[in-house]
Amino acid sequence: MKRFLSIVTGVCLAASLLVVPAVAVDAGETVRVGLYYGSAALAAPQLQNFEGSGYQAGYYDGGAVFHSLYPISQEKVVMLKDANYILNADNTYAEGVSGGADTVGAYHVQLPQSYDTADAARAAVQAAGTGAFAAYLGGTYYVRTGQYPSAEAAQAAASAAGGSVVGGSAAGITVVETGTGNILFEYDSNGIFAMAPQGSHPLTWSKGFKYYGNFAYPRKDGGNLSVINYVPLEDYVKGVIPYEMSPSWNVEALKAQAVCARSFAVSGEGKHASLGFDVCNSTDCQVYKGANQATANSDTAVDQTAGQTLSYNGKPVVGYYFAADGGATEDAANVWGGDYGYLKGVKDPYEDTEKAQNAIWTVTMTAAQVGDKLKAAGYQVGTVADVRVSETTDMGNVLKVTVTDTAGKSVTIEKAKTRSVFGLNSQRYSVTGNAASGGSASTAATEGLGGNILGGAKAAFTGGKLSGGTSSGSAAPGAVSTSFTFSGRGWGHHVGMSQYGAKAMAEQGKKYDEILKFYYTGIEIAGQ
């Protein structure tokens, strides 16, 4: 599972690593992005065509090919389950039953005639008059009229019209004009129902974000609708860059970020295949929120690197990245395990850690808080007496931390867990302890317990390694520490490219390919 750190959210996630089979990169490729799914699936997702006009309702087949079914001219639409809904005053829809124009009923009268084409169905809808709409079922079009809260309520109208009562399908989807009870189209067939905004490179609003591409709405087991954005690869990258790196940064840094983001999309294809999409839109993959924050600068970075990805030994690879390294990146082997030739630690003379957000920090925890964190992570430990960095890497990052309790029992935490167990910003820190009796180690200044403090005391670095306080990071011999201060530099997992380092290199005149080749050992840029 490939994961990243987002500068915007400050969430850093570890990853297991893959070198994937070669994948042809084509600027015309489509990326399927999961926007809402699982417990976050929506009961009534809305769309508004922002730059364009209307939609083609249709479906995606098993080969991810879109098939147009029926034109919809309205710009604002909502997709509903085949269920009863009430229209709220704010133009949102809630499941339930009410009366009058504020209701979308799940049951209808289906007229007996069927149609082979959308044009024939549209003509029949117009002939049927107000309240009629087209429905697509298993390759055939029908005309339906009316909307009722129950099958019983629809029966009299069906008998009078010579039709049948339909509705309440566990797979059906109803398209309604937003802010009304006006049904525009219904779909109940194989494939994944989708809406294709019409226009020249249209932009579409969905829950406060503007996206390129189409929107698919899988519905599983009668539940809510997932929302998947089928978006061209380059538009996808344009929707990632301003959320993973400030769009105001030097374009060469943004170009380096664009190559990394594109590499992930190509190499990560199928990561969420069991959910029906390739990548998600959060830090579990990389942050993607469409075009809201895109600028000419960030879009230029994507355009000028179009189709380019990272390659190692002729195979596409993912360019892992994070916010700031505090002086050195790290071998993937010392963070997640495994030996990956292109993910080797480097001393970083470029990054200006002083200017990097959250990259100089101190966190103080009581002995009890340390113990609670260890127990939550599955470690068995008594009352904590001592916490010390017991081994560092050649790059000066923490490799092992040993915690000893008052009974003399010790546990050793290694690699990425030296960060995650304690909830720290990075794997580059020292530890000092406040002793309850006897001598005490010097401690870094802090402004509270358990918080990340900007502008607090800054641990010194000597020869690429942290120093300050006792080198072991604990109280003096014979003393029992009651609290421990972790003083560190950097923000993120330290594997791959430092985003603030890329910023500094770009500001010093380095080109994006120089940035990438500095942080990733032995890589080439395919498509350059």
Side-chain angles (χ1 to χ4, degrees), residues 4-12 240-263 286-287 293 295 297-298 300-302 304-305 308 310 319-331 335 342-361 393-397 425-429 452 454-455 458-466 487-523 525:
F4 298 87
L5 176 127
S6 163
I7 282 182
V8 176
T9 61
V11 178
C12 185
V240 169
I241 299 307
Y243 297 96
E244 290 287 1
M245 182 176 280
S246 171
S248 67
W249 285 8
N250 186 291
V251 70
E252 294 299 322
L254 292 167
K255 287 161 71 173
Q257 183 72 62
V259 174
C260 291
R262 190 179 297 105
S263 297
Q286 53 189 358
V287 177
Q293 293 188 20
T295 66
N297 196 43
S298 64
T300 293
V302 179
Q304 291 184 354
T305 61
Q308 297 181 19
L310 297 177
Y320 297 88
Y321 55 87
F322 57 95
D325 58 41
T329 67
E330 188 52 70
D331 290 8
V335 180
Y342 75 104
L343 295 173
K344 298 296 185 182
V346 295
K347 298 289 180 66
D348 190 347
Y350 300 104
E351 177 187 287
D352 188 347
T353 308
E354 298 280 338
K355 295 181 180 179
Q357 182 184 10
N358 293 340
I360 297 176
W361 49 270
T393 71
D394 291 342
M395 292 293 111
N397 299 311
N425 281 13
S426 78
Q427 213 172 306
R428 189 172 181 81
Y429 59 84
N452 293 341
L454 289 176
K458 302 172 177 61
F461 279 77
T462 304
K465 295 189 178 183
L466 279 160
S487 302
R489 296 170 68 94
W491 184 23
H493 50 64
H494 283 205
V495 177
M497 185 182 76
S498 161
Q499 291 171 310
Y500 276 99
K503 176 179 185 289
M505 290 184 73
E507 289 170 349
Q508 293 175 40
K510 303 294 185 183
K511 301 300 183 182
Y512 76 100
D513 52 352
E514 294 178 279
I515 295 170
L516 293 170
K517 290 178 180 179
F518 172 75
Y519 285 109
Y520 304 107
T521 302
I523 59 96
I525 301 175

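We count residues from 1, following the sequence as given.
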query: Where does the angle between the aromatic ring planes of His493 and Tyr320 fall among parallel (under 30°), tilted (30 to 60°) and perpendicular (over 60°)?
result: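 Correct class here is perpendicular.
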Residue pair [X] / [Y]: nearest heavy atoms and the distance that separates them:
X	Y	result
Arg428	Asn397	NH1-OD1, 2.9 Å
Glu351	Asp325	OE1-N, 2.6 Å
Val302	Arg262	O-NH2, 3.4 Å
Asp348	Gly501	OD2-CA, 4.2 Å
Leu516	Met497	CD2-SD, 4.2 Å
Tyr512	Ala256	CB-N, 3.6 Å

- prompt: Can you name the residues that form a salt bridge (Lys or Arg N to Asp or Glu O under 4.0 Å) with Lys355, not counting sequence neighbours?
  reply: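 Lys355 satisfies salt bridge (Lys or Arg N to Asp or Glu O under 4.0 Å) with Asp352 only.
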field: Residues in salt bridge (Lys or Arg N to Asp or Glu O under 4.0 Å) contact with Lys510, at least two apart in sequence or another chain
entry: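 In terms of salt bridge (Lys or Arg N to Asp or Glu O under 4.0 Å), with neighbours along the sequence ignored, Lys510 is linked to no residue.
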field: Under 3.5 Å donor-acceptor, Glu330 side chain and Val495 backbone
entry: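 Not at all, since once roles are kept as given, no pair shorter than 3.5 Å links the two residues.
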- request: Say whether, by atom type as modelled, one donor and one acceptor occur between the side chain of Trp361 and the main chain of Gly490 under 3.5 angstrom.
  value: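 It does hold such a pair.
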- prompt: Could you state the interatomic distance from NZ (Lys344) to CG (Asp331), rounded to the nearest 0.5 Å?
  reply: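 Taking NZ in Lys344 and CG in Asp331, the distance rounds to 5.0 Å.
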query: Hey, does Tyr321 have a side-chain heavy atom less than 4.5 Å from the side chain of Tyr519?
result: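 Contact flag for Tyr519/Tyr321 side chains = no.
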query: Can you list every salt bridge (Lys or Arg N to Asp or Glu O under 4.0 Å) pair that touches residues 490-501, not counting sequence neighbours?
result: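 Qualifying pairs, neighbours excluded: none.
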